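Chain identifiers are assigned alphabetically (A, B, ...) following the order of the sequence lines, protein sequences preceding nucleic acid strands; residue numbering begins at 1 within each chain. Computed from a predicted model, the values in this text were never measured in an experiment.
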Amino acid sequence: MSRPLVIVESPAKAKTISKFLGTAFDVRASVGHVADLPSKGLSIDVDNGFKPTYELTDRGKQVVKDLKVLMKDASELYLATDEDREGEAISWHLLEYLKPKVPVKRMVFHEITKSAIEHAVNNPRGLDYGLVDAAETRRLLDRLYGYEVSPVLWRRVNRGLSAGRVQSPSIRLIVERERERIAFVTAGYWDIELLTATRPSFTAALVLLDGTKVAAGKDFTPDGRAKKNVVVVDEARARAVAAAFATAEFSVRSVEEKPYRSTPKAPFMTSTLQQEGGRKLRLSASQVMRVAQGLYERGYITYMRTDNVVLSAEALAAVRSEVGKTYGAKFLSSGPRQYSSKIKNAQEAHEAIRPSTPLRSPDALAGELNGQELSLYRMIWQRTLASQMADASGTTVSVRLGAVTTVAGTPTDAEFAASGTTITFPGYRQVYVESVDESDASDDEREALLPPLTVGAVIPVASLTPNGHSTSPPARYTEASLIKRLEELGIGRPSTWASIIQTVQVDGRPMPNSSNRLISDASV
DNA sequence: CAGTGAGCGAGCTTCCGCTTGACTT
């Protein structure tokens with residue numbers, strides 16, 4: 001029986017779509033690109049309009065051979081590759097190699113649900129040659145740049161080295177960071193920690209001496225000099241001030257209350273999943289992708305290579321219903337939250353990375369998944385649910401304590417600061433809190449639980465402790481922070497970030513003694 | 001005369017992005 005042949009990129013996707021379309025359609029996978037420039041030689045005729053020579057890849061040969069057999073019985077051909085630059089190119093190559101004699105339609109969809117697939121079948125379009133040209137241009141530029149510049153490295157640095165549009169700027173980032181670290185001049189400074197004898201007690205940090213800001217880490221330039229209008233406290237002064245104020249009477253100078261409000265993060269896309277997988281689960285980017293691939297292939301999550309944070313309408317409804325059921329209506333955001341990718345050049349061919357529907361909780365899957373799979377799935381589950389939950393809210397209280405006393409014969413005014421946030425309604429934080437790279441975390445904004453305080457009240461002091469500190473250079477990139485930076489710069493794609501990490505490391509392995517932070521000795 | 005070694009030439013390395021198994025270790 002003659003039936004339409006539908007070609008998608010991923011075999012797992014073919015299986016799912018086949019279920020929606022039934023036996024009236026034959027759904028197959030191209031398994032990615034089927035054709036490419038040969039790896040040997042430039043294969044671009046630079047003197048004749050940059051005409052490329054393509055050839056089928058090893059797997060492409062088999063794929064095209066099989067598809068050609070199926071084409072003999074096909075009534076129509078639906079090219080259903082991803083609706084992005086590379087997907088359009090794959091469809092174009094399929095067309096070139098299959099040379100179909102039956103009607104050809106290009107069908108596109110951005111979520112894999114029955115209604116989306118049926119809509120796509122009923123609303124086909126033609127091939128978008130603008131996108132095909134864009135993909136080809138991208139491919140040719142990468143080849144020209146990579147294959148022309150790499151030999152310079154073989155001659156001048158070492159055989160086998162390589163340069164490229166993505167790897168060279170990646171190395172540059174790492175090298176620039178390392179140079180910043182080498183050029184960094186450490187500065188020392190002291191501060192004083194005041195511990196109150198209130199109930200509960202809290203700590204406050206010295207912030208002003210005679211009205212001048214006391215220098216903390218942020219107040220030094222990378223060459224070790226203090227910025228303007230701050231006073232750098234050295235050890236002797238810190239000890240003298242702490243000793244002198246030990247018997248001083250501190251009172252509350254100001255109490256400032258501000259409402260605290262925090263909004264959940266968008267659902268995962270590839271880059272954010274890799275970053276959180278690194279920070280929360282201590283997995284490398286490639287480990288995250290391997291585990292996610294397994295979850296995807298067995299139908300637990302949606303596609304894991306995506307630059308989109310949007311949930312399908314069906315998923316949105318399921319997530320909101322799940323939140324309401326598990327946490328109550330109070331924990332649901334007032335209306336559906338719509339997120340959009342802030343990433344430039346986002347192509348958004350797929351949905352966000354989320355649990356597939358019907359939703360199954362991590363606890364329900366504990367018997368089916370191994371440890372890593374379960375923890376990654378749980379993280380995806382929590383982030384997805386949290387994205388449709390209410391804001392967390394509360395109050396942030398900032399308090400200033402002050403006293404005047406004589407230090408070495410001079411009357412001196414010292415002011416200490418503390419702040420604390422009380423969360424009165426956890427909202428999404430009940431489920432998921434994003435972690436931050438340690439280098440981004442601020443260390444001088446300690447959060448404390450504060451007792452009720454009124455201006456003018458005398459605060460008993462338990463102790464004043466001088467502490468020495470020194471400034472530290474900017475941290476080396478981790479896999480997570482490098483991927484974040486690359487994405488901000490529009491370098492690389494969801495399918496390549498994990499492998500970039502391997503490429504820029506010596507022998508593709510982490511450097512020894514670098515606590516898994518990335519440094520590189522290449523010099524592109 | 002036989003063995004050595006200088007000198008020459010040819011072939012190799014490489015890009016990025018899309019997808020999974022098929023391979024070792």
Side-chain angles (χ1 to χ4, degrees), chain A residues 7-15 28-44 46 50 52-54 56-64 66-67 79-94 131-132 134-171 270 286 289-298 303-307 345 347 349-350 486-487 490-504 508-509 522 524:
Chain A
I7 306 177
V8 298
E9 290 181 36
S10 151
K13 198 191 271 187
K15 242 166 97 185
R28 303 286 166 151
S30 76
V31 201
H33 274 292
V34 293
D36 192 14
L37 301 174
S39 70
K40 221 170 273 174
L42 203 58
S43 305
I44 300 171
V46 177
F50 295 90
T53 305
Y54 294 102
L56 287 170
T57 61
D58 283 349
R59 192 186 19 232
K61 280 182 200 138
Q62 189 59 47
V63 167
V64 165
D66 294 345
L67 290 173
L79 297 168
T81 53
D82 298 349
E83 191 179 28
D84 54 23
R85 205 190 297 138
E86 300 296 323
E88 211 69 15
I90 293 171
S91 277
W92 175 62
H93 276 138
L94 286 170
L131 266 182
V132 172
E136 181 162 76
T137 307
R138 195 280 305 155
R139 181 69 189 92
L140 300 195
L141 283 173
D142 283 341
R143 169 55 64 88
L144 288 168
Y145 184 107
Y147 273 35
E148 299 288 357
V149 179
S150 294
V152 178
L153 295 181
W154 304 342
R155 289 196 301 274
R156 311 245 348 203
V157 186
N158 219 335
R159 56 169 286 133
L161 288 178
S162 61
R165 172 179 57 83
V166 168
Q167 57 169 303
S168 297
S170 303
I171 288 187
T270 304
S286 53
M289 294 313 281
R290 196 175 325 118
V291 176
Q293 176 89 25
L295 290 171
Y296 164 69
E297 282 174 7
R298 285 179 294 153
Y303 197 57
M304 63 283 155
R305 288 183 279 266
T306 175
D307 54 13
N345 308 325
Q347 301 194 30
H350 304 92
L486 290 174
E487 183 179 53
I491 297 172
R493 297 279 305 140
S495 64
T496 59
W497 283 312
S499 61
I500 291 165
I501 301 289
Q502 317 299 320
T503 305
V504 301
R509 273 186 229 100
V524 184

In whole angstroms, how far is the C1' atom of B:dT19 from the CG atom of A:L94? 12 Å
Roughly, in whole Å, what's the span from CD1 in A:I44 to C1' in B:dT14? 13 Å
If you check every side-chain atom of A:S495, which of B:dC15, B:dT20, B:dT19 has the closest atom? B:dT19
Given B:dT14, B:dT20, B:dG17, the nucleotide with the shortest approach to the side chain of A:S162: B:dT14
Does A:Y145 lie flat on the base of B:dC15, that is, centres under 5.5 Å apart and planes under 30° off? no
Whole angstroms only, please: what is the CZ-P distance between A:R298 and B:dT20? 14 Å
Interatomic distance, A:H93 NE2 vs B:dG17 C1' [rounded to whole Å]: 12 Å
B:dC15 base to A:R139 side chain: any donor-acceptor pair below 3.5 Å? yes
On DNA chain B, does the nearest nucleotide to A:P11 precede the nearest nucleotide to A:I491 from the 5' side, or the other way round? Give the residue. A:I491
Taking the side chain of A:S150 as its heavy atoms from C-beta onward, which of B:dT20, B:dT14, B:dC16 lies nearest to it? B:dT14
Respond yes when some side-chain nitrogen or oxygen of A:S10 is under 4.0 Å from OP1 or OP2 of B:dT20, and no when none is. yes
Separation of A:I7 atom CD1 from B:dC18 atom C1', in whole Å? 15 Å
For A:R138, report the nucleic acid contact type (base, sugar-phosphate, nothing); a contact means any heavy atom under 4.0 Å. base
Quick one: the side chain of A:R59 and the base of B:dT19, do they pair up donor-acceptor inside 3.5 Å? yes
Provide, to the nearest angstrom, the distance between the CE atom belonging to A:M289 and the P atom belonging to B:dG17. 14 Å
Hey, what do you get for CG (A:L67) to CG (A:L94), rounding to the nearest 0.5 Å? 7.0 Å
Does B:dT13 have OP1 or OP2 under 4.0 Å away from a side-chain N or O of A:Y147? no
Mutual orientation of the aromatic rings belonging to A:H93 and A:H33 [parallel < 30°, tilted 30-60°, perpendicular > 60°]: perpendicular
Give a yes or no on whether a salt bridge exists between A:D82 and A:K13, defined as a side-chain N under 4.0 angstrom from a carboxylate O. yes
Choose from B:dG21, B:dC18, B:dC16 the nucleotide whose nearest atom is closest to any side-chain atom of A:E297. B:dG21
Identify the two heavy atoms, one from A:W92 and one from A:E136, that lie closest to each other, and give their separation to 0.1 Å. CH2-OE2, 3.6 Å
Ranking B:dC18, B:dT13, B:dT19 by distance to the side chain of A:R159, first place goes to B:dT13
Which nucleotide, B:dT20, B:dC15, B:dG17, lies nearest any side-chain atom of A:S39? B:dC15
Phosphate OP1/OP2 of B:dC16: any A:T496 side-chain N/O under 4.0 Å: no
Quick one: OG on A:S39 to OH on A:Y147, what's the gap to the nearest 0.5 Å? 5.0 Å
Among B:dC15, B:dG17, B:dT14, which nucleotide has an atom closest to any side-chain atom of A:Q167? B:dC15
From CZ of A:R85 across to C1' of B:dG17 the rounded distance in Å is 10 Å
Side-chain donor or acceptor of A:R305 paired with backbone N/O of A:T270 under 3.5 Å: no
Return whichever of A:G160 or A:R165 has its heavy-atom-nearest nucleotide of DNA chain B closer to the 5' end. A:G160
Nucleotide nearest A:W154 when distance is taken to its side chain, options B:dT14, B:dC15, B:dG17: B:dT14
